[in-house]
Participant: 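Provided herewith is a single structure, encoded as structure tokens, for subsequent inquiry.
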Amino acid sequence: MEEIERLTITLPSDMAAIVKDAVAGGDYASTSEVVRDALHDWQAKRALQLRDLAALKTDIDTGLAALAEGRVKDFDAERIVERGRSLLANRTRSA
């Protein structure tokens, strides 16, 4: 069984009311359950954020490597707009 540790937390009154209402409404058996559930959700959200951040860092490193190797074209906004229009037109026709 997991070791249980008692913590005391302080919440703004509006958040405390939300927690108490969740218990009073029967969604949770105790305020501790509400906090545990919220922490589980936070952990999952944080894991996704860290995964996305790692992917972004990888993309940045890839871009910097391409730049260092001279594999980057000059920025041409009109070329990008035209490519987008072409892709959209092709997608619209196939839909």
Participant: Mind listing the side-chain donor-acceptor pairs of residues 42-65 below 3.5 Å, one per line with the distance, residues two or more places apart or on another chain?
Facilitator:
unit_1 : atom_1 : unit_2 : atom_2 : d
Thr58  : OG1    : Ala54  : O      : 3.0
Thr62  : OG1    : Thr58  : O      : 2.9

Participant: Let me check something: any side-chain donor-acceptor pairs from residues 1-30 under 3.5 Å, sequence neighbours excluded? List them with distances.
Facilitator:
unit_1 : atom_1 : unit_2 : atom_2 : d
Tyr28  : OH     : Asp37  : OD2    : 2.3
Ser30  : OG     : Ser32  : N      : 3.4
Ser30  : OG     : Glu33  : N      : 3.2

Participant: For a quick test of your reading: what N or O donor-acceptor pairs under 3.5 Å do the side chains of residues 69-81 make, sequence neighbours left out?
Facilitator:
unit_1 : atom_1 : unit_2 : atom_2 : d
Glu69  : OE1    : Arg71  : NE     : 2.8
Glu69  : OE1    : Arg71  : NH2    : 3.1
Asp76  : OD1    : Glu78  : N      : 3.2
Asp76  : OD1    : Arg79  : N      : 3.3

